[in-house]
Amino acid sequence: MATSSFLTSETIIDEGKKAVTVTRLMRWFKADFGGTGGIKKIVEKYLKTNLNGYKIKYSRYNWDTRLGNFF
């Protein structure tokens with residue numbers, strides 16, 4: 001449930017451009033996710049969508065927003 005919730009809030013699927021934008025964390029740890037193909041499989045599984053022919057893009061990471069969690 002946590003993975004599905006996170007991906008839902010952090011992933012943008014642009015059907016017109018055939019692109020899916022995922023969290024920058026997936027780029028940093030791309031090898032751990034099985035490369036680009038692995039990332040697509042994870043997104044497909046949890047968001048229940050077919051991404052054949054889609055490009056993977058990575059969102060910018062906003063350090064300022066995340067820092068608020070530590071104060």
Side-chain angles (χ1 to χ4, degrees):
M1 285 176 38
T3 302
S4 180
S5 177
F6 178 78
L7 288 175
T8 298
S9 68
E10 296 288 329
T11 304
I12 300 168
I13 299 174
D14 186 333
E15 294 178 10
K17 292 182 180 178
K18 297 278 243 179
V20 58
T21 303
V22 296
T23 177
R24 172 92 32 187
L25 295 170
M26 287 186 153
R27 180 176 179 200
W28 293 337
F29 299 99
K30 188 185 234 181
D32 295 332
F33 291 110
T36 302
I39 291 170
K40 278 186 180 181
K41 286 179 184 178
I42 291 167
V43 174
E44 286 178 330
K45 176 181 177 180
Y46 287 97
L47 299 185
K48 298 176 180 30
T49 188
N50 184 341
L51 298 177
N52 279 342
Y54 279 67
K55 287 184 180 180
I56 295 288
K57 295 183 177 185
Y58 302 94
S59 62
R60 293 180 48 119
Y61 193 80
N62 184 344
W63 291 97
D64 294 334
T65 302
R66 307 297 187 214
L67 286 176
N69 294 327
F70 300 103
F71 295 109

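FYI, side chains are in, hydrogens and waters are out, and symmetry mates aren't considered; it's all heavy atoms of this structure. It should be emphasised that the depicted structure is a prediction, and the values quoted were computed from it without experimental measurement.
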Could you tabulate the donor-acceptor pairs under 3.5 Å formed by side-chain atoms of residues 41-50, not counting sequence neighbours?
{"unit_1": "Glu44", "atom_1": "OE2", "unit_2": "Leu51", "atom_2": "N", "d": "2.7"}
{"unit_1": "Asn50", "atom_1": "OD1", "unit_2": "Asn52", "atom_2": "N", "d": "2.8"}
{"unit_1": "Asn50", "atom_1": "OD1", "unit_2": "Asn52", "atom_2": "ND2", "d": "3.4"}

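- Between Asp14 and Thr21 there is no side-chain heavy-atom pair separated by less than 4.5 Å.
- Residue Lys40 holds its NZ atom at 10.5 Å from NZ of Lys55, rounded to the nearest 0.5 Å.
- Here Lys30 pairs with Thr36, Ile39, Tyr58 under the side-chain contact (heavy atoms from CB on, under 4.5 Å) rule; sequence neighbours left out.
- How far NZ of Lys17 is from OH of Tyr54: 13.0 Å, rounded to the nearest 0.5 Å.
- Atom CD1 of Ile12 is separated from atom NZ of Lys57 by 10.5 Å, given to the nearest 0.5 angstrom.
- The ring pair (Phe, Tyr, Trp, His ring centres under 6.0 Å) pairs that include a residue from residues 14-35 are Trp28-Tyr61, Trp28-Trp63, where partners are two or more places apart or lie in different chains.
- In this structure, the separation between OG1 on Thr23 and CZ on Phe6 is 4.5 Å, given to the nearest 0.5 Å.
- Between the side chain of Thr11 and the backbone N or O of Leu7 there is at least one donor-acceptor pair closer than 3.5 Å.
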